[in-house]
Amino acid sequence: MPELPEVETVRAGLARLLPGQVIADVTHDHDKSFPNAPADVRQFLVGASVIDVRRRAKVLMIDLSSEYTLVIHLKMTGQLVFDGAHEHFGAGHPSTSLVGKLPDKSTRVTLTFAGGAKLFFNDQRKFGWMRLMPTIEVPNIDFMKKVGPEPLEPDFTWQMLRDRLLRRKNSNIKAALLDQTVIAGIGNIYADESLWGAKIHPNTLVKDVPTAKLRVLHQAIVDVLRLSIDKGGSSNQTYVDAEGNKGSYMQFANVFRREGQTCPRCGTVIEKLRVAGRGTHICPHCQRVKK
DNA sequence: CACTTGACCTGTCCGC
DNA sequence: TGCGGACAGGTCAAGT
């Protein structure tokens with residue numbers, strides 16, 4: 001589910017809500033949703049306070065005063081929802097918010113803070129995980145060492161995009177964009193949206209994409225990620241932010257999950273196909289396969 | 001090594 | 001209404 005804009009939206013919310021909160025209790029399933037030993041979980045969580053909330057690619061990091069960090073991947077259906085309980089007396093959440101409706105049967109981990117606020121980690125499909133490790137070791141995990149550049153950092157240039165993509169010159173451009181070691185944070189929604197923006201067919205081999213189009217693609221990626229963050233991300237099905245609310249980017253999507261509707265640029269009917277094993281949405285006119 | 005496919009899970013939707 | 005199958009925002013391991 002969550003791609004860069006969704007994870008960033010959750011991060012920003014948690015960064016506003018969590019720092020200074022002291023963990024008083026934790027309940028969790030002991031399967032892969034939180035594989036740490038229960039004794040370690042209590043030792044390094046209970047009594048610790050939240051220092052900061054960071055993001056790298058689609059991974060969230062909650063840094064604690066115990067010099068341990070909760071490293072979290074939401075995968076397809078993960079949610080992190082903060083319920084301030086009586087601390088936010090009268091603040092009111094919209095009736096569509098999940099706050100006040102948790103825990104539910106998808107809740108895997110519940111952190112309770114001194115004062116009664118709670119943080120729920122929900123994950124319907126159980127692909128996501130939460131792991132506790134020393135803060136200093138986080139950069140050493142394999143994923144952090146291999147993951148590509150952050151597309152919204154100022155040093156992400158079109159030349160960098162070109163060079164990273166060419167590591168997979170014989171694969172199709174969509175598979176390359178989804179490869180987190182090429183660029184961090186792009187998933188199925190924003191791959192389709194940015195390829196539409198650059199008028200590139202997702203089946204085009206990386207080596208066959210003209211340089212001029214890579215420049216356009218670079219700008220399209222940056223623009224679509226920024227727009228989605230501005231709209232609070234995409235809520236196709238389960239995604240919600242740290243306060244349990246859906247994002248509105250899907251109203252602004254040009255092709256993703258819009259098969260049968262018309263391309264906003266040329267009016268051609270949008271098609272759905274399968275590329276890199278994923279449902280893929282294109283305008284067959286704007287994104288013609290070049291011979 | 002480069003690249004593709006299947007597996008991991010639960011829930012929902014669609015066709016018969 | 002019920003049942004089977006395909007599919008859903010992401011990554012890995014295993015396969016070619």
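Not measured: the values here are computed from a predicted model. Every chain is numbered from 1 and lettered A, B, ... according to where its sequence line falls, protein lines coming before strand lines.
Remark: A:His73 is in phosphate contact with C:dT11, judged by side-chain N or O atoms under 4.0 Å from OP1 or OP2. Of the side-chain N and O atoms in A:Asn236, none sit less than 4.0 angstrom from OP1 or OP2 of C:dG9. Side-chain nitrogen and oxygen atoms of A:Lys105 include at least one within less than 4.0 Å of the OP1 or OP2 phosphate oxygen of B:dG11. The shortest distance between the side-chain N/O atoms of A:Lys272 and the OP1/OP2 oxygens of C:dA8 is below 4.0 Å. Considering only side-chain N and O atoms, A:Arg125 lies nowhere under 4.0 angstrom from the phosphate OP1 or OP2 of B:dA7. Side-chain nitrogen and oxygen atoms of A:Arg278 include at least one within less than 4.0 Å of the OP1 or OP2 phosphate oxygen of C:dG10. For A:Lys126 and B:dT10, the shortest distance from a side-chain N or O to OP1 or OP2 is below 4.0 Å. Contact check, A:Lys58 against C:dT11: a side-chain N or O comes under 4.0 Å of OP1 or OP2.
B:dC1 atom P lies 12 Å from atom NZ of A:Lys146, rounded to whole Å. We find that CZ of A:Phe143 is positioned 6 Å from P of C:dT11, with the value rounded to whole Å. Computed from coordinates, the A:Ile173 CD1 to B:dT4 C1' distance equals 17 Å when rounded to whole Å. The CG-P distance, from A:Asp123 to C:dT11, rounds to 13 Å in whole Å. Distance CG (A:Leu74) to P (C:dG9): 15 Å, rounded to an integer number of Å. Residue A:Phe256 contributes atom CZ, which lies 8 Å from atom P of C:dA8 at whole-angstrom precision. When the C1' atom of B:dC3 is taken as reference, atom CZ of A:Arg168 falls 6 Å away, rounded to whole Å. The CG atom of A:Asn203 sits 15 Å away from the P atom of B:dC3 (whole-angstrom rounding).
The nucleotide whose nearest atom lies closest to any side-chain atom of A:Lys32 is, among C:dG9, B:dT4, B:dC9, B:dC9.
Within 4.0 Å of A:Gly187, counting heavy atoms only, lie sugar-phosphate atoms of the nucleic acid but no base atom. Contacts of A:Gly279 with the nucleic acid, taken as non-hydrogen atoms under 4.0 Å apart, involve only primed sugar atoms and P, OP1 or OP2. No engagement by A:Arg108 is indicated, since no non-hydrogen atom pair under 4.0 Å with the nucleic acid exists. Within 4.0 Å of A:Ser235, counting heavy atoms only, lies at least one base atom of the nucleic acid. In this structure, A:Tyr190 reaches neither bases nor backbone, as no heavy-atom distance under 4.0 Å exists between it and the strands shown.
Toward the 5' end of DNA chain C, the nearer of the two residues A:Gly277 and A:Gln180, judged by each one's closest nucleotide, is A:Gly277.
For A:Asn245 against A:Ser97, the heavy-atom pair with the smallest separation is OD1-CB, 3.2 Å. Closest approach of A:Glu243 to A:Val81, counting heavy atoms only: C-CG1, 4.3 Å. The heavy-atom pair separating A:Gln180 from A:Ala57 by the smallest distance is OE1-CB, 4.3 Å.
Salt bridge annotation for A:Arg42-A:Asp25: present, with a cationic side-chain nitrogen under 4.0 angstrom from a carboxylate oxygen. A salt bridge between A:Asp63 and A:Arg54 is present, with a side-chain N of the basic residue lying under 4.0 Å from a carboxylate O of the acidic one.
A:Glu3 contributes a side-chain N or O that, together with a main-chain N or O of A:Tyr190, makes up a donor-acceptor pair within less than 3.5 Å. Side-chain atoms of A:Arg288 come within 3.5 Å of backbone atoms of A:His285 as a donor-acceptor pair (strictly under, hydrogens ignored). Judged by distance alone, with hydrogens and angles left aside, the side-chain atoms of A:Ser248 form a donor-acceptor pair with the main-chain N or O of A:Lys231 at under 3.5 Å.
Counted by atom type alone, A:Tyr68 and A:Gln43 present zero donor-acceptor pairs between their side chains at under 3.5 Å. If you check the side chains of A:Asn140 and A:Lys145, you find no donor sitting under 3.5 Å from an acceptor.
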Checklist line | Dot-bracket summary - DNA chain C, pairs being Watson-Crick or G-U whose distances fall under 3.5 Å, with | when paired to another strand | finding: .|||||||.|||||||
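Look at the P atom in both C:dG9 and B:dC13: the space between them is 15 Å, to the nearest Å. Straight-line distance between the P atoms of B:dG6 and C:dA6: roughly 12 Å, to the nearest whole Å. Taking atom P in both B:dT5 and C:dC7, the straight-line distance is 14 Å, to the nearest Å. A distance of about 15 Å separates the P atoms of C:dA14 and B:dC9, rounded to the whole Å. Between C:dG5 and B:dA7, the distance separating the two P atoms is 15 Å to the nearest Å.
Taking the centre of each ring, A:His218 and A:Phe156 come in below the 6.0 Å mark.
By the neighbour-count criterion of 12 heavy atoms within 6.0 Å, atom CZ of A:Arg131 is sparsely surrounded, having that number or fewer from other residues, nucleotides or ligands.
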Do any N or O atoms of the protein come closer than 3.5 Å to N or O atoms of nucleotides 12-15 of chain B, and which pairs are they?
none

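The ring of A:Phe127 does not lie on top of the base of C:dT11; it is either too far (5.5 Å or more) or too tilted (30° or more).
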